[in-house]
Amino acid sequence: MTAAAAVEKFAALGNPSYRIYLIGQSLANTGTWMQSIAQDWLVLRLTHSAFAVGLVMTLQFLPTLLLGVYGGQLADRFPRRRILLMTQTANAVLTGLLALLTAAGVVRPAHLYAFALLSGVILAVDAPTRQAFVNDVVPPGLLRGAVSLNAAVFQTTRLVGPAVAGLLIGTVGTGWVFALNALCYAGPTIGLLRLRGLPVAKPVVLESGAMMATARYVADRPHVARTILLVGMVGTFGLNFPIVLTAMATDTFGGGAGTYAVFNVMLAIGSVAGALLAAAWVHTRLRLIVLAGAAFGVSQVAAAVAPGLGVFLVLLVAMGLTNLAFQAMANSSVQLWSDPRLRGRIMGLYMLVFTGGTPIGAPIIGALTSHYGARLGMSVCGAIPAVAAVLLAANHTIRRRPA
C-alpha cells in the first residue's frame, strides 16, 4: 500500500462528526459481541441443542426478511439520526429486561426466543438506516474508507467483547453480560445527540411501487445485482458461526464457553486485517469481490476438516480476513454504485438478502449440525458460498465475452 493510499484510507477520521459517530458505535459494538457470546451459550446450556441456537438466529433475522425493505423506506423518508436514536433506546430497554430475567434465574428458552424476535424487529429498521447514515456523516469521497473503518472497528471490538463475556460468564454469570450490554447503548445514543452540522437530506416522497422501482434499478445494473446476490448466499449459509462454532467448541474439541470465545477472537483478528485490506483498494471491481467471497468459502471448508485445534485457529483467522474483505468491499461498492436518492432502499434490499436469508439457512445448518456433526455443518457453510462465487464468476465472464 502506498503512503497516499494509507492517508486516503484513514482520511475519514479527520471528520469530527465521523469520529464522534465511530466512538459511540465502538462501545455499542463491544456490547453486541458480549451479548452474542452470552446469548448463544445460554441457549445451548438451556437446551443442549444446536438446532435451538439456529432457531434463535432464525427468529432474530426473520423480521429483516419480512420488514427489511420497509426499514430502507423509513431511512429514505425520515431523518436517519432520529430513527437511530429510537432504535438504540429500544435495544437498551429490551436488553435490560433480559438481564433482569437472567439474573433472577427465571429465564427460559421461550424468553430468549421472544427476545430474539423483538430485537430482530428493531434490527430490520436499524440496519439499513445505519448503513445509509454513514453517507450523512462523511462526504462521498470518504465513504469507502469510512465503511472499511467501520468494519475494522466492529471487528476490533470482537477482540474485546468475547473475552469480557467469557470472563463475566465464568465469574458473575450471564445476566451481568446482558446488563453491561444495555449500558453500552449509551455510547451511540450520546454520540448521536452530540452530532451537529450534518447535512439535512430532503425526505424522499415514496410513490406507490417504490420498491419495485428499486428492484428494477438494481436489476438494470448487473454489477450491483450480482454483488447483492453473492452477499445473500454468504449471509444465508456462510455466516452461521453461532451454530457451527459452538458445536465445534463443545463436540469436536471438547471445550466450553472459553473455547467458543477464543474462536471469536481468532475470527476477529483476521476480520480486522480484512477490513483494513479492503480499504486499501480505492476502486473495487466485481471480480475482486467475487474472489474474496470464494476465498472465504474455501477457507471455511478447510477449517471444517482441520485435523487439530491449532490448524483450526489459524484457518479461523483466514476466514475472518476473507469474510470481512468481502463484506467491506461489497457494502461500500453497492453504496457508491447507487443513486443517493435510492440508497436507503437499496441498502434495505442489501440487508434483506444479507441477514434476511438467515431464517432459511440457520435451521438447515442447525439440523445438519445436530444430526451429522459440526464438521459437516461447517463444510456446507463454506461450500455453498464458494460454489455460488464460481458460478457467478462464470456467468459474468460468459456475458462479457464478445459474440
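- With sequence neighbours left out, the side chain to side chain contact (heavy atoms under 4.5 Å, CB included) criterion links A388 to L230, M233.
- Every side chain to side chain contact (heavy atoms under 4.5 Å, CB included) that P139 has, sequence neighbours left out, goes to N15, L142.
- Atom OG of S36 sits about 5.0 Å away from atom OH of Y260, to the nearest 0.5 Å.
- Scanning both residues, A273 and L321, for their nearest heavy atoms gives CB-CD1, 4.0 Å.
- Listed for the S271 side chain is a donor-acceptor partner under 3.5 Å among the backbone atoms of L267.
- Residues meeting the ring pair (Phe, Tyr, Trp, His ring centres under 6.0 Å) test with H223, sequence neighbours left out: W337.
- Between the side chain of R80 and the main chain of F133, no donor-acceptor pair closer than 3.5 Å is present.
- Here the side chains of N323 and L239 are in contact, with some heavy-atom distance below 4.5 Å.
- Minimum heavy-atom separation, L180 to M34: CD2-CE, 3.2 Å.
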Which pairs would a plain distance check flag for residues 49-57, meaning a side-chain donor or acceptor within less than 3.5 Å of a matching protein atom at least two apart in sequence or in another chain?
unit_1, atom_1, unit_2, atom_2, d
S49, OG, F51, N, 3.1
S49, OG, A52, N, 3.2

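- Taking R194 as the reference, I20, I190 meet the side chain to side chain contact (heavy atoms under 4.5 Å, CB included) condition, with sequence neighbours excluded.
- A donor-acceptor distance shorter than 3.5 angstrom exists from the side chain of N240 to the backbone of F237, with no hydrogens or angles considered.
- Listed here is the closest heavy atom pair of G377 and V244: C-CG1, 3.9 Å.
- Judged by distance alone, with hydrogens and angles left aside, the side-chain atoms of Q25 form no donor-acceptor pair with the main-chain N or O of P188 at under 3.5 Å.
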With a 3.5 Å cut-off and sequence neighbours excluded, list the donor-acceptor pairs that the side chains of residues 246-253 form with protein atoms.
unit_1, atom_1, unit_2, atom_2, d
T246, OG1, P242, O, 2.5
T246, OG1, I243, O, 3.0
T250, OG1, T246, O, 3.0

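- Contacts of N331 classified as side-chain hydrogen bond (donor to acceptor under 3.5 Å, both in side chains), with partners at least two apart in sequence or in another chain: Q131, Q335.
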Check: Under the side chain to side chain contact (heavy atoms under 4.5 Å, CB included) criterion, do N395 and L391 qualify, and how do the steps go?
Finding: CA-CA 6 Å; N395 177 266; L391 293 176; over 6 Å; no

Next item on the list: Begin from the C-alpha positions of I364 and T236 and carry the test side chain to side chain contact (heavy atoms under 4.5 Å, CB included) through to its verdict.
Entry: CA-CA 10 Å; I364 296 173; T236 301; over 6 Å; no

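- Between L245 and L316, the closest side-chain pair of non-hydrogen atoms falls below 4.5 Å.
- When every heavy atom of P109 is checked against every heavy atom of T47, the shortest pair comes out as CG-CG2, 3.9 Å.
- For the atom pair CG of L46 and CH2 of W41, the computed distance is 12.0 Å after rounding to the nearest 0.5 Å.
- Checking each of L288, L277, L286 against M329 for a side chain to side chain contact (heavy atoms under 4.5 Å, CB included) leaves exactly one that passes, namely L288.
- Residues L101 and F178 have side chains not in contact (no heavy-atom distance under 4.5 Å, counting atoms from C-beta outward).
- Looking only at distances, a side-chain donor or acceptor of S299 sits under 3.5 Å from a matching main-chain atom of F296.
- Contact record, C381 with I365: SG-CG2, 3.6 Å, taken as the closest heavy-atom pair.
- Residues T129 and L74 form no side-chain contact, since every pair of their non-hydrogen atoms from C-beta on lies 4.5 Å or further apart.
- From T322, atom OG1 reaches atom CG of L291 across 10.0 Å, with rounding to the nearest 0.5 Å.
- Judged as a side chain to side chain donor-acceptor pair (under 3.5 Å), the pairs with a partner in residues 168-188 (not counting sequence neighbours) are, in order, Q35-N181.
- With hydrogens and angles ignored, the 3.5 Å screen pairs no side-chain donor or acceptor of R45 with any backbone N or O of D40.
- Side-chain atoms of S370 never come within 3.5 Å of backbone atoms of A367 as a donor-acceptor pair (strictly under, hydrogens ignored).
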Let me have the donor-acceptor pairs involving side chains of residues 110-128, under 3.5 Å, with sequence neighbours excluded, atom names and distances please.
unit_1, atom_1, unit_2, atom_2, d
H111, ND1, R108, N, 2.9
S119, OG, F115, O, 3.0
S119, OG, A116, O, 3.0
D126, OD1, T87, OG1, 2.8
D126, OD1, Q88, NE2, 3.0
D126, OD2, R130, NE, 2.9
D126, OD2, R130, NH2, 2.5

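- Taking CG from L62 and CG from L67, the interatomic distance works out to 8.5 Å, rounded to the nearest 0.5 Å.
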Next item on the list: Let me see the working for L229 and V353 under side chain to side chain contact (heavy atoms under 4.5 Å, CB included), right down to the final yes or no.
Entry: CA-CA 8 Å; L229 176 62; V353 301; over 6 Å; no

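- Here ring-ring contact (aromatic ring centres under 6.0 Å, His included) pairs that include residues 361-394, with residues two or more places apart or in two chains, number zero.
- A donor-acceptor pair under 3.5 Å links the side-chain atoms of R221 to the main chain of Y217, judged by distance alone.
- By the side-chain hydrogen bond (donor to acceptor under 3.5 Å, both in side chains) test, Y21 is found to be paired with no residue, residues two or more places apart in sequence or in another chain being considered.
- Closest approach of M378 to A303, counting heavy atoms only: CE-CB, 3.8 Å.
- For the pair V164 and T30, the minimum side-chain heavy-atom distance is 4.5 Å or more.
- A search for side-chain hydrogen bond (donor to acceptor under 3.5 Å, both in side chains) contacts involving N264 returns R158, not counting sequence neighbours.
- A distance of 9.5 Å separates OG1 in T102 from CD in Q39, rounded to the nearest 0.5 Å.
- Using a 4.5 Å cut-off on side-chain heavy atoms (C-beta onward), T369 and L376 make no contact.
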Next item on the list: Show the numbers, then the answer: is there a side chain to side chain contact (heavy atoms under 4.5 Å, CB included) between L84 and T189?
Entry: CA-CA 8 Å; L84 291 176; T189 302; over 6 Å; no

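- We find the OG-CD1 distance between S379 and I384 to be 11.0 Å, quoted to the nearest 0.5 Å.
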